[in-house]
K.L.:
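Below you'll find the structure I mean.
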Amino acid sequence: MKTEAAEAGERPPVSEETPAGSEDGPASEDQKDAEVLEDATETEAPEETEAPEEAEESEERGDPEEPDISGDDDPSATAVFRIPVLTPKPEDTPDMPDISGDDEEPDASIVDTSVLGSSVTDSSVVDSSVVDLPGVTDTEPLTRPEPEPEPEPDEGDDSEAETTAEVRLPARRLAESPVTGQETEQEAGRQAVQDVTQDVRVPAPAPRPHVPWTERLARSATAWLPPLLTIEGLIMYVLALRVAPGPLRGVDLTRIDGLGLISALPVTSFVAILLMITAFFVTIAQNTDRKFLLLFQLAVITFALHGAAALIEDTPRFHTAYVHAGFVEFINRTGTSSPILDARFAWPGFFALVAFVTKAAGVTDLTLILRWTPLLSNLLYLLPFVLILRQVVATTRARWFAALLFILVQWIGQDYFSPQGFTYAIYLAFVAIVLRWFGRVEVRDKAMPSKGRVRRLLARLDGLTPGELARPTGVYDRSIMLIVLIVLFGTATASHQITPFMMLGTLTGLILLRRSSLSWALPFFLGLIVLAWISYQTVTFWSGHIDELFGGLGRILENLQRNTGDRIEGSDSRHALVLMARLGICAVILLLAAIGLLRRLFRGVGDRAALLLLCVPVLALALQSYGGEIGLRIYLFALPGACILAAYAFFPNLPAGTAEAPDETVPIRRRVIRLDPLLTRRISLLLAAGCAMALSLSFLVARYGNEQFERVSNDEVQAMHYVYGHDKPSGRVLFLVPIIGPEVTPTIPWGERDFDKIEYQQVLVDKNPEQLSSVIDKFRVSPPNTYLVASRGQAAYLQLNHGFPADWAQRFRAALDASPELKRVFNSKDAAVYTLKTYPKNAEIPQPRPLTGFGDRGSPMTPIGLGALGVTWIALFVYELQRLRDPGRVSKARRRILFVAVPAFLLAVAVIVERFIVIGFNQLQ
């Protein structure tokens with residue numbers, strides 16, 4: 001009969017064995033089994049007493065009394081459990097699951113219940129297979145009587161039929177009498193162990209219902225569907241761009257028009273991009289932080305958007321990337337840099353680093369590196385930006401959506417093989433380290449001011465919930481990271497002109513807004529590095545370009561005009577859409593950032609760090625126009641803060657509990673009627689997905705809208721290689737411009753080799769291609785080895801940006817071929833090289849330009865300034881280390897350090913100013 005406990009799923013009662021001499025003993029029905037074991041082991045068994053009636057009653061009631069089967073006393077002892085299986089159900093009893101496995105086992109035998117101490121009825125069928133569990137050691141063999149077979153029950157017998165398996169488990173060793181000296185060696189060596197068997201009927205678990213594989217697959221769709229969609233979209237995208245051109249597939253570069261690359265992309269590529277973005281939103285809709293999957297999806301989307309040109313074109317794009325490769329070649333060939341050749345050589349950190357790595361690796365051709373640098377740069381940007389996102393108080397959806405926005409709106413193309421692309425990654429790493437290891441969060445505990453609107457407003461803003469996290473770190477970790485910060489800043493200072501000022505402004509702002517635990521010593525330390533580098537390492541540049549270096553100070557409106565309005569020109573209506581799309585993306589991301597900031601303020605959250613990252617780069621407008629590109633650099637450096645705040649426009653809520661919690665808070669609204677929070681989250685998710693898809697398509701227009709002239713064909717590269725082969729001892733290359741100006745970049749792959757041997761000069765061309773007078777005059781005043789390069793890229797630039805006719809390139813080359821004074825020395829589909837047929841007999845090829853210029857003539861105070869620099873840096877660094885160890889109070893040692901650092905700093909700055917005055921005045925003379 002099954003007990004009530006078995007029906008309820010509880011463990012059946014077991015009787016507890018106790019050693020001899022105790023008040024309670026094993027149940028009387030186990031005495032016969034104990035006697036058999038006593039004869040088998042030839043040891044004395046303790047007297048057994050009958051179990052009290054209460055135990056029998058408890059067994060009938062089903063109250064469990066757990067036995068001690070730990071086996072701690074003797075691991076060789078075993079206990080036997082009988083597991084009931086395959087029990088035919090009487091009509092008046094409830095169902096019992098069947099766990100027997102195979103009810104047709106031929107080896108099943110009938111076991112004598114008198115031997116095993118079981119209370120099985122005469123009609124019970126018992127399987128006597130024994131399972132020895134691990135941990136049971138070998139002991140002396142125990143002899144048991146062979147079980148006598150019992151008659152099998154009739155098929156129509158309604159009596160209970162059971163199949164039990166005997167399981168030996170470690171049991172408690174019975175008490176043994178102490179060994180006396182009178183015992184023999186044989187008796188002392190014997191083991192006083194008894195195997196105590198207990199009959200326990202364990203109810204079988206309920207069988208699991210059979211679930212079809214289709215239903216199981218549907219239930220687990222949230223796990224496998226996002227990666228499957230992502231991989232499917234990636235494969236579709238690669239095939240769409242790499243296969244031969246055809247219907248709905250392949251890319252025909254000859255079809256590119258004023259809209260850029262998007263006009264030649266097949267429809268399947270757009271479907272693939274939308275599929276990848278859909279997979280991303282399916283993942284974040286699960287409201288779980290699946291970091292590795294989300295990072296993989298972001299990397300795939302980055303590959304699709306920023307790696308499109310590398311997949312389609314065989315040569316690197318961006319003509320300026322070739323001249324940067326020429327700087328690396330020059331450093332590898334000469335072992336030095338020469339600022340007299342180019343101002344960028346005054347900041348040679350990036351070029352020197354690449355030259356060292358490529359020379360050590362034996363790499364001589366940088367074509368593959370130049371081709372994939374935009375994609376690798378954006379993947380590199382993503383890592384520190386994700387670390388920045390881990391430091392903001394936001395939901396999982398807000399963080400990862402901000403990372404996606406960072407990919408979709410970074411269209412300006414400053415990620416190619418260049419110092420600005422390299423130092424932008426350093427900038428992001430610098431900000432991430434400051435927020436992660438030196439973050440600071442303070443909640444206002446002061447009383448609200450009683451008077452003053454401004455004071456009360458500032459107090460209310462100061463009392464907002466911080467939008468950043470402050471993770472505690474050890475002194476040792478922060479000391480290491482302080483050194484890393486200084487190294488990163490020094491590398492950026494030696495590589496680029498603007499990036500160090502962005503880093504310094506961000507650090508100063510975080511300290512000012514109490515979002516960094518660093519002291520004011522570090523900004524002064526880093527600022528002195530920038531001033532010292534400009535004063536001592538770039539003299540050749542600034543001594544002859546004082547107006548260029550400082551002339552733009554304060555010209556905010558003029559610099560803004562040169563970076564916005566002056567770029568919207570040309571006669572091609574489609575290309576005008578490209579320029580408007582770029583400004584439209586800027587306007588959208590700034591509008592979303594403003595909305596996100598307001599929504600967070602309504603929830604009582606103050607995002608100081610994100611707002612600071614957005615606003616600090618705007619201050620660069622007061623510096624200089626930077627060749628008409630300062631607006632692009634401001635947009636690039638403002639992107640991290642703008643993307644974080646723009647994500648809050650869709651997901652402004654705070655995470656519930658900790659920052660890693662999947663749930664989010666629901667703001668308290670004053671109005672009575674409000675939408676369901678779950679519904680609003682779904683609507684926000686759909687709006688964010690629609691915004692991301694629209695921005696992805698706009699990105700293709702904005703990023704690749706200039707592909708007609710930013711794309712470099714193999715014919716243009718080969719034309720320049722012809723010039724490199726004929727530039728001994730020097731050469732000149734004439735490139736086409738509509739207006740002679742100081743800041744015109746050639747639209748040819750220039751400077752890849754022999755940068756010190758070739759001069760690049762402008763030649764004026766007219767919208768009438770037959771008008772060649774300016775070209776002929778330029779040739780006549782130029783020495784031999786002067787070449788004119790007429791290329792497809794230059795003609796496309798003139799057409800899209802300056803209104804030249806669409807057939808101007810063909811007509812211009814035809815006019816050059818027909819000119820009696822010129823001859824064509826190289827010809828291909830996309831480029832041709834021309835030179836004069838004859839030069840005067842006395843014309844000589846000049847020697848290459850000298851590699852030394854004005855140089856640093858020094859000043860009377862220069863040695864003193866160098867000493868003051870060293871003392872200041874050492875003192876400020878030691879001061880910051882001391883503060884990391886004891887930030888709570890100002891010790892005497894730190895005061896003494898300041899007494900040394902402050903005068904040394906003032907002296908070093910005074911010498912820098914003196915050098916600008918003295919050296920600049922000498923140059924004017």
Side-chain angles (χ1 to χ4, degrees), residues 289 384-403 428 430-449 454-473 477-478 481 505-520 522-523 593-616 638 640-668 884 887-888:
D289 197 1
F385 184 64
V386 169
L387 182 58
I388 294 174
L389 293 175
R390 305 301 294 182
Q391 301 307 121
V392 299
V393 181
T395 60
T396 299
R397 295 174 179 176
R399 290 176 175 176
W400 291 106
F401 182 61
L428 294 175
F430 183 88
V431 175
I433 291 175
V434 172
L435 293 177
R436 170 61 181 83
W437 279 271
F438 302 97
R440 177 186 178 188
V441 174
E442 290 184 356
V443 181
R444 179 182 175 86
D445 54 0
K446 299 179 182 179
M448 185 70 67
V454 177
R455 294 175 59 189
R456 292 182 64 87
L457 176 61
L458 294 177
R460 291 185 62 183
L461 294 176
D462 197 25
L464 295 173
T465 301
E468 302 82 19
L469 296 174
R471 304 180 187 271
T473 55
D477 294 340
R478 289 190 293 170
M481 287 302 163
T506 302
L507 175 63
T508 305
L510 290 175
I511 295 175
L512 184 63
L513 296 179
R514 301 197 302 275
R515 284 298 178 262
S516 176
S517 60
L518 293 167
S519 69
W520 287 100
L522 189 61
I595 296 174
L597 179 63
L598 292 177
R599 296 195 70 183
R600 295 277 282 190
L601 288 176
F602 289 155
R603 284 160 175 77
V605 182
D607 298 286
R608 300 183 188 179
L611 185 61
L612 180 73
L613 293 176
L614 173 64
C615 296
V616 165
C643 292
I644 294 174
L645 294 176
Y648 296 153
F650 300 93
F651 311 106
N653 292 342
L654 297 177
T658 62
E660 304 298 334
D663 298 329
E664 57 187 76
T665 60
V666 178
I668 299 177
L884 290 178

K.L.:
To the nearest 0.5 Å, what is the distance between CZ on F401 and CZ on F651?
P.N.:
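One gets 6.0 Å once the value is rounded to the nearest 0.5 Å.
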K.L.:
Quick check: do P640 and V431 have side-chain heavy atoms less than 4.5 Å from each other?
P.N.:
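No. Closest side-chain heavy atoms not under 4.5 Å.
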K.L.:
Check G505 against V616 and note the closest heavy-atom contact, atom names and distance.
P.N.:
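Minimum heavy-atom contact is C-CG1, 3.8 Å.
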K.L.:
For E468, run the side-chain hydrogen bond (donor to acceptor under 3.5 Å, both in side chains) check against R515, R608, Q391 and tell me which one passes.
P.N.:
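So, applying the side-chain hydrogen bond (donor to acceptor under 3.5 Å, both in side chains) to E468 and each of R515, R608, Q391, only R515 qualifies.
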K.L.:
Rounded to the nearest 0.5 Å, how far does CD1 of I433 lie from CG of L428?
P.N.:
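Rounded to the nearest 0.5 Å, the CG-CD1 separation comes to 11.5 Å.
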K.L.:
Can you give me the closest heavy-atom contact between S516 and V434, atom names plus distance?
P.N.:
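Looking at all heavy atoms of both residues, the shortest contact is OG-CG1, 3.8 Å.
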K.L.:
Looking at S519 and I511, what are the two nearest heavy atoms and their distance?
P.N.:
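Between these two residues, the closest heavy atoms are O-CD1, 3.5 Å.
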K.L.:
Measuring only between side-chain heavy atoms, which start at C-beta, is W400 closer than 4.5 Å to D289?
P.N.:
yes
K.L.:
Show your reasoning for whether side chain to side chain contact (heavy atoms under 4.5 Å, CB included) applies to V605 and V393.
P.N.:
CA-CA 9 Å; V605 182; V393 181; 5.9 Å; no
K.L.:
Side chains of F602 and P652, heavy atoms from C-beta outward: is any pair under 4.5 Å?
P.N.:
no
K.L.:
Among L469, I388, L387, which residue satisfies the side-chain contact (heavy atoms from CB on, under 4.5 Å) criterion with L435?
P.N.:
I388
K.L.:
CZ/F438 to CG/L518 distance, rounded to the nearest 0.5 angstrom?
P.N.:
5.0 Å
K.L.:
Measuring from R399:CZ to R390:CZ, what's the distance to the nearest 0.5 Å?
P.N.:
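Here the interatomic distance stands at 5.0 Å.
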K.L.:
Roughly how far apart are I644 CD1 and L611 CG, rounded to 0.5 Å?
P.N.:
11.0 Å
K.L.:
Atom CG of D607 and atom CZ of R600: how far apart are they, to the nearest 0.5 Å?
P.N.:
4.0 Å
K.L.:
Where do I595 and Y648 land on the side chain to side chain contact (heavy atoms under 4.5 Å, CB included) test, with the steps shown first?
P.N.:
CA-CA 8 Å; I595 296 174; Y648 296 153; over 6 Å; no
K.L.:
Provide the closest heavy-atom pair for A593 versus A642 in the form atom of the first, atom of the second, distance.
P.N.:
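Result for this residue pair: CB-O, 3.8 Å.
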K.L.:
Nearest heavy-atom pair of S517 and R478: which atoms, and what distance?
P.N.:
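Shortest heavy-atom separation between S517 and R478 comes out as OG-NH1, 4.1 Å.
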K.L.:
List the atom of A432, the atom of P384, and the distance in Å for their closest heavy-atom pair.
P.N.:
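Closest approach of A432 to P384: CB-O, 3.7 Å.
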